[in-house]
Amino acid sequence: SSRGREGPKGPKGGKRPRAMSCLPKKVLSFCQASKLLWALLSHGLRAAGCLLLALGRLALRLPAESCEGIQFYEGFVTHARQHEGSHKFEYAVRMALVDLDAPPAW
């Protein structure tokens, strides 16, 4: 009996899955590595630029932006379960409360 066995077309008579690419594994590894390096470089440069802007703002002692019409809150969400064994986790959250009658200008 052929029950539980795959035929030449794959499971349940469907087509066999195709290979992702015909390229050699070394080429794919190089492509993946170059994409990863590019992402790290671009995000690193962006983070460095943001840091330089923040430091420049501090050095020039520019006034803080007006935050009228908005209030920011930080806190933690905690979950604990005692039923079916012990399970607990906690994570940080940030929220913004915006006054819709007087929203910020930005």
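Because the structure is a prediction, the values reported are computed rather than measured.
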With sequence neighbours excluded, residues passing salt bridge (charged side-chain N to carboxylate O under 4.0 Å, His left out) with Glu74:
Arg94

Contacts of Gln32 meeting side-chain hydrogen bond (donor to acceptor under 3.5 Å, both in side chains) (sequence neighbours excluded), chain-then-number -> none

Mind checking side-chain hydrogen bond (donor to acceptor under 3.5 Å, both in side chains) for Thr78 and listing every partner two or more places apart, or none if nothing turns up?
Glu90

Should the heavy atoms of other residues, nucleotides or ligands under 6.0 Å from CZ of Phe72 be counted, would the total exceed 12?
yes

Should the heavy atoms of other residues, nucleotides or ligands under 6.0 Å from NE2 of His43 be counted, would the total exceed 12?
no

Quick one: closest heavy-atom pair of Gly69 and Pro104, and the distance?
O-CD, 3.8 Å

Got a sec, which hydrophobics cluster with Met95, joining ILVMFWY side chains under 4.5 Å apart, including via others?
Val77, Phe89, Tyr91, Val93

Please name all residues satisfying side chain to side chain contact (heavy atoms under 4.5 Å, CB included) with Leu41, sequence neighbours left out, ordered by chain then number.
Trp38, Leu45

Please enumerate all residues that pass side chain to side chain contact (heavy atoms under 4.5 Å, CB included) together with Ala80, with sequence neighbours excluded.
Lys88

With a 4.5 Å cut-off on side-chain heavy-atom distances among I, L, V, M, F, W and Y, is there a chain of contacts connecting Leu100 to Leu97?
no

